[in-house]
Amino acid sequence: MEDDINMRKSLQIAMADFKEFEVTTFKNAVDALKVLDDSFELVITDINMPKMDGIEFIKALEGRYDVIIMTGNATLQRAIESIHLGVKDFLLKPFEVDTLIDAIKRVAKMAQIIKKTKQTEPKLNNADTFIATSAKLLKVINIANKVSKTDVSILLQGESGVGKEVFATYIHQHSNRKNKPMISLNMAAIPDNLIESELFGYEKGAFTDAVDKKPGEFEKANGGTLFLDEIAEMPYAVQAKLLRALQEKEIRPLGSSKPIKIDVRIVSATNANLVQKIQNGEFREDLYYRLNTIPLNIPPLRERTEEILPIAKHILEKNCKEYKLGEKIFSQEAQADLLAYKWPGNIRELISVVQRAAILSETNIITADSLYLHNRGL
Ligand SMILES: Nc1ncnc2c1ncn2[C@@H]1O[C@H](COP(=O)(O)OP(=O)(O)O)[C@@H](O)[C@H]1O
Ligand SMILES: [Mg+2]
């Protein structure tokens, strides 16, 4: 990867003579992170690059590839500091192609000796609706890719509207359970006294209204994924039962004496501070540790502003098509306002602002005024 186009092109041409290598070039790290999968073995990167610098990029690769750095004198010192990130070789610019080829061969030989077994890294599948360009979000995706194939519990944390449910679905679709159901249950949407029977089901006659037996969501999710949204809202008494179910890998429907074996992967989500809830005695610490094997923190939209305009434009286009509004675009001021606004409701709020503006604007240019962000504290 090299941001200088001439350098990039000449490297690609030179490398083409060496048939044993298949080469893909990228002009920036963000693009590369979206495409890199386990068909790649070696990454050759510059350090000084726009958008995301080489060191950040190497960190985001998390050791999945061998890395060779090519750098100018000024950044060599920094490059060398990156040795603990597993960088295999450094090339000082300018260098001969032969020098690069030698370095590649050396690294390839090392790789053969080490013979790492690599995990498959799924790519984003519906990349057109799930927009990820910021380093922060790509980092989360990277971790999600690593853990989705395992059965560990994942706790998604982040403000409302940041995409927790999107991530839960992503994890399920990239897991070995993808052909089995993913069941979503929102603890905040179910009355407290019904949560237990929703989760575990009941037998006929278990209580007055139980005229027939009903399987719980755990049973429906068997073999698949159970997504427990707004987990902080789960009543304290039910928390103990959930913990027991997870530990014993079996559930007991209300009114039943026969336990049912279950094999369910739990992904839960919250926008609350669970540690605070534990201190207040509202959330069980033992359950927290059980659910939080892998914490995934999804940053708020205002901390990944790179995504604001791509998402806004995508939503605008989608709405214009859906409602047959013709083609519309954002004015420069509108774009500046979208970027400056703090988005307390995150992507969900962005979607509704853009949708309303798309429908209400009289012309094909969405002005800053038609976003109404100034009424919302811009
Ligand atoms: N990276 C993204 N790109 C495009 N749309 C997104 C992205 N993340 C979330 N969304 C959309 O934003 C809305 C809120 O996402 P959701 O997962 O429900 O958030 P949360 O569960 O954190 O409240 C949904 O309509 C979702 O499709
Ligand atoms: Mg949600």
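Source: prediction; values computed, not measured. We count ligands from 1, going down the list as the structure has it; atoms in each ligand are counted the same way.
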Can you report which non-hydrogen protein atom sits closest to [atom], along with the distance?
atom: atom 27 (O) of ligand 1; result: Val166 CG2, 3.8 Å
atom: atom 4 (C) of ligand 1; result: Thr129 O, 2.8 Å
atom: atom 13 (C) of ligand 1; result: Ile351 CD1, 4.0 Å
atom: atom 21 (O) of ligand 1; result: Glu165 N, 3.1 Å
atom: atom 15 (O) of ligand 1; result: Gly163 CA, 3.7 Å
atom: atom 1 (N) of ligand 1; result: Ile131 O, 2.8 Å
atom: atom 23 (O) of ligand 1; result: Gly161 N, 2.7 Å

Does the pair Arg376/Glu349 count as a salt bridge with the N-to-O cut at 4.0 Å? yes
Asp31 bridged to Lys27 by N-O distance under 4.0 Å: yes
Pick one of side chain, backbone, both or neither for how Ile311 approaches ligand 1, counting any non-hydrogen atom pair under 4.0 Å. side chain
Which bit of Ile298 is near ligand 1, meaning a heavy atom under 4.0 Å away: side chain, backbone, both or neither? neither
For Phe130, the atoms of ligand 1 under 4.0 Å from one of its heavy atoms are 1 (N), 2 (C), 3 (N)
Any donor-acceptor N or O pair under 3.5 Å, side chains [X], [Y]:
X: Ser153; Y: Arg265; value: no
X: Lys214; Y: Ser197; value: no
X: Thr367; Y: Asp369; value: no

Would one find an N or O of [X], backbone or side chain, under 3.5 Å from an N or O of ligand 1?
X: Ala132; answer: no
X: Ile347; answer: no
X: Val162; answer: yes
X: Arg304; answer: no
X: Arg348; answer: yes

Step through it carefully: locate the ring centre of Tyr202, locate the ring centre of Phe207, and say whether they are under 6.0 Å apart. yes
Is the gap between the ring centers of Phe167 and Phe130 under 6.0 Å? yes
Going from CD1 on Ile315 to CD1 on Ile131, what distance comes out if it is rounded to the nearest 0.5 angstrom? 6.5 Å
Go through the steps to decide whether Ile347 and Ile311 satisfy the test side chain to side chain contact (heavy atoms under 4.5 Å, CB included), and finish with yes or no. CA-CA 8 Å; Ile347 299 173; Ile311 293 175; 3.9 Å; yes
Give me the ring orientation class for Tyr65 and Phe40: parallel if the planes are under 30° apart, tilted from 30 to 60°, perpendicular past 60°. perpendicular
Taking the non-hydrogen atoms of Ser160, is any one of them nearer than 4.0 angstrom to ligand 1? yes
